[in-house]
**Student:** 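The structure under discussion is supplied below as structure tokens; questions concerning it will follow.
Each residue takes its place number in the sequence, starting with 1. Whatever order the structure lists them in is the order used to number ligands and atoms, beginning at 1.
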Amino acid sequence: MIFRRKKIDNEIDMNNLPQHIGVIMDGNGRWAKKRGLPRSAGHKAGAESLKKIVTEANNLGVKYITVYAFSTENWKRPQAEVDYLMNLLMDYLVNAEKTLAGENVRIRAIGSRKELSEEMRVQIKKTEELTKDRKGIVMNIALNYGGREELVHAAREISEAVKSGRLKSEDIDENTINSYLYTAGQPDVDLLIRTSGEQRLSNFMLWQVSYAEMIFVKKAWPDFKPEDLRECILAFQGRGRRFGGI
Ligand code: FPP
């Protein structure tokens, strides 16, 4: 009896899945250092980890996942590391057609594109176009993304719309702001996971995480496994979400 109860308690409730998971994939550098490897090896292992996690989330039936791949602040890293990350991202986008086809993943990039190389901008468009009719999980890759930059970008677009008469300032509400974000049309993040023990938002989806349950995991990102994702979802389901009510 006790065992039976325990088993039920440990099963994910498919009717109460998070709709949108945000992931701050932290700790690649430390993971590599601990093994006497270059930081790039940590990022490579991190990209492998990501494939497995997206597949698992998709298999479970999660509809959206946003992963923090490169922040607006990451340009401050040594040029060699920036180049490595950009190449890794490029490979990911190029291979996405093959590697994630079976999973039916729709890939989108969120963030400011103008600072990216022409080659990267072209590839992003190509991958988005190629995967747009897929029916599985939507994977937003946050690339040159910053939560504040996203809000500045939205504010500019909104003011343009007001200036041109398409929008009245008195009609601006939360839905308006939502519709000018890079994640327009998507639900809020309801589960935010950050690996490697840090407990910060680091400018990630400031608007969208307003009511997210946050789970901080000690493991570094390359060690984060599909079973850890399931643990996080179970923990999410164990929390009482009240959205400001009682
Ligand atoms: C943080 O770890 C991680 C990043 C800045 C990059 C995340 C990128 C990946 C997981 C791989 C590439 C992604 C795709 C979509 C192919 P850190 O380097 O800050 O680690 P540290 O805090 O231990 O130094």
**Student:** Could you identify which residues cluster with V138, counting Ile, Leu, Val, Met, Phe, Trp and Tyr as linked when any side-chain heavy atoms lie under 4.5 Å apart, either directly or through a chain of such contacts?
**Tutor:** Y64
**Student:** Below 30° counts as parallel, above 60° as perpendicular, anything between as tilted: where do the rings of Y68 and F204 land?
**Tutor:** tilted
**Student:** Side-chain polar contacts of residues 152-160 - donor-acceptor pairs under 3.5 angstrom, sequence neighbours left out - could you list them?
**Tutor:**
unit_1	atom_1	unit_2	atom_2	d
S159	OG	A155	O	3.3
S159	OG	R156	O	2.9
E160	OE2	K163	NZ	3.3

**Student:** Taking K126 first and then E129, would you say they form a salt bridge - that is, a charged N and a carboxylate O separated by under 4.0 Å?
**Tutor:** no
**Student:** Is the number of heavy atoms from other residues, nucleotides or ligands under 6.0 Å of E227 CD greater than 12?
**Tutor:** yes
**Student:** How would you list all residue pairs meeting salt bridge (charged side-chain N to carboxylate O under 4.0 Å, His left out) that involve residues 36-48, not counting sequence neighbours?
**Tutor:** R39-E81, E48-K51
**Student:** Just list the N/O pairs, ligand 1 to protein, that are under 3.5 Å apart, with the distance for each.
**Tutor:**
unit_1	atom_1	unit_2	atom_2	d
ligand 1	2 (O)	G27	N	3.4
ligand 1	2 (O)	N28	N	3.4
ligand 1	18 (O)	R39	NH2	2.9
ligand 1	18 (O)	R77	NH1	2.9
ligand 1	19 (O)	R77	NH2	2.8
ligand 1	20 (O)	G27	N	3.4
ligand 1	20 (O)	N28	N	3.2
ligand 1	20 (O)	G29	N	3.0
ligand 1	22 (O)	D26	OD1	3.2
ligand 1	22 (O)	R30	NE	3.4
ligand 1	22 (O)	R30	NH2	2.8
ligand 1	23 (O)	G29	N	3.4
ligand 1	23 (O)	R30	N	2.7
ligand 1	23 (O)	R30	NE	2.7
ligand 1	24 (O)	R39	NH1	3.0
ligand 1	24 (O)	R39	NH2	3.2

